[in-house]
Amino acid sequence: QVQLVESGGGSVEAGGSLRLSCAASGYTYSTGCMGWFRQAPGKKREGVAVINRHGLTAYVDSVKGRFTISQENTKNTLYLQMSSLKPEDTAMYYCAAQRHGTYCSGTYLPAPYEYNYWGQGTQVTVSS
């Protein structure tokens, strides 16, 4: 059974940094994507970043140059380093993964329905 558990969220001032982690259990080396999404109150869930097994990454335009997605395969952990945070980055952040056998190019952000496994989320709040 695959389980994804996020951590690292919190409250920071604008301009600050946070690093989110997603610990994956029951999910070993996969051909599928792993990614981060976020959802603010009243808004749709938005893809933030994605990474494939070769380390290819893609980001939503609003976070390019500020966020970095990475993975540590030996620890089955996904990360999202967030810098220069803005109030509009405030949201619940979710980790997601595709099942093994899914092809992930790492060049575009898959939609939420393209992911098979989800974490419970971690809240990020950025104050101005």
Side-chain angles (χ1 to χ4, degrees):
Q1 182 177 357
V2 176
Q3 190 172 19
L4 305 177
V5 179
E6 302 96 335
S7 61
S11 297
V12 295
E13 293 185 351
S17 298
L18 283 173
R19 188 176 82 154
L20 306 184
S21 299
C22 172
S25 59
Y27 186 81
T28 53
Y29 189 75
S30 171
T31 61
C33 293
M34 291 196 77
W36 289 96
F37 285 78
R38 65 186 179 187
Q39 188 167 19
K43 293 190 176 181
K44 289 184 178 179
R45 189 165 295 192
E46 173 188 49
V48 174
V50 65
I51 189 167
N52 75 358
R53 65 173 178 169
H54 301 297
L56 289 176
T57 60
Y59 300 89
V60 67
D61 286 346
S62 60
V63 308
K64 285 180 181 177
R66 301 188 298 122
F67 290 12
T68 302
I69 188 171
S70 62
Q71 59 191 358
E72 191 167 357
N73 289 331
T74 57
K75 294 185 177 181
N76 279 354
T77 304
L78 182 72
Y79 301 100
L80 185 68
Q81 177 67 48
M82 306 186 295
S83 303
S84 302
L85 283 161
K86 305 175 180 180
E88 50 264 44
D89 294 319
T90 295
M92 185 72 78
Y93 282 71
Y94 298 91
C95 168
Q98 294 178 330
R99 66 169 56 98
H100 180 62
T102 307
Y103 172 70
C104 176
S105 70
T107 59
Y108 77 97
L109 294 169
Y113 74 87
E114 296 182 76
Y115 284 87
N116 305 103
Y117 311 109
W118 291 86
Q120 294 300 307
T122 185
Q123 178 68 38
V124 171
T125 303
V126 184
S127 59
S128 56

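Side chains included, hydrogens not; waters and symmetry mates left out as well; all remaining heavy atoms used.
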Any residue meeting side-chain contact (heavy atoms from CB on, under 4.5 Å) with [X], in chain and number order, not counting sequence neighbours:
{"X": "Ser7", "value": "Ser21"}
{"X": "Gln81", "value": "Ser17, Arg19, Thr68, Ser83"}
{"X": "Lys44", "value": "none"}
{"X": "Val2", "value": "Leu4, Tyr27, Tyr117"}

Exercise. Return each pair, listed once, that meets disulfide bond (SG atoms under 2.5 Å apart) where at least one residue sits in residues 97-128; pairs must be two or more places apart or across chains.
Key: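 Every pair satisfying disulfide bond (SG atoms under 2.5 Å apart) with a residue in residues 97-128: Cys33-Cys104.
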Is it the case that the side chain of [X] and the backbone of [Y] share a donor-acceptor pair, with hydrogens and angles ignored and the cut-off at 3.5 Å?
{"X": "Thr90", "Y": "Val126", "result": "yes"}
{"X": "Thr31", "Y": "His100", "result": "no"}
{"X": "Gln1", "Y": "Gly26", "result": "no"}
{"X": "Glu6", "Y": "Thr122", "result": "no"}
{"X": "Thr102", "Y": "Gly32", "result": "no"}
{"X": "Tyr59", "Y": "Ile69", "result": "yes"}

For [X], all residues meeting side chain to side chain donor-acceptor pair (under 3.5 Å), sequence neighbours excluded:
{"X": "Lys43", "answer": "none"}
{"X": "Thr107", "answer": "Ser105"}
{"X": "Gln120", "answer": "none"}

Quiz item: Passes side-chain contact (heavy atoms from CB on, under 4.5 Å), Trp36 versus Cys95? Steps please.
Solution: CA-CA 5 Å; Trp36 289 96; Cys95 168; 4.0 Å; yes
Quiz prompt | Residue pair Tyr94 / Gln39, side-chain donor-acceptor N/O under 3.5 Å | solution =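 Note: Tyr94 and Gln39 side chains miss the donor-acceptor criterion.
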Work out which heavy atom in [X] is nearest to a heavy atom in [Y]; give both atom names and the distance.
{"X": "Ala49", "Y": "Leu80", "value": "CB-CD1, 4.2 Å"}
{"X": "Pro87", "Y": "Ser127", "value": "CG-C, 4.4 Å"}
{"X": "Gly47", "Y": "Leu109", "value": "O-CD1, 3.6 Å"}
{"X": "Gly55", "Y": "Gln71", "value": "N-NE2, 4.3 Å"}

Exercise. Scan residues 80-93 for pairs that pass salt bridge (charged side-chain N to carboxylate O under 4.0 Å, His left out), counting only residues two or more places apart or in two chains.
Key: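 Salt bridge (charged side-chain N to carboxylate O under 4.0 Å, His left out) check on residues 80-93 returns Arg38-Asp89, Arg66-Asp89.
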Self-check item: Partners meeting ring pair (Phe, Tyr, Trp, His ring centres under 6.0 Å) with Phe37 (sequence neighbours left out)
Solution: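 For Phe37, the residues satisfying ring pair (Phe, Tyr, Trp, His ring centres under 6.0 Å) (neighbours in sequence not counted) are Tyr115, Trp118.
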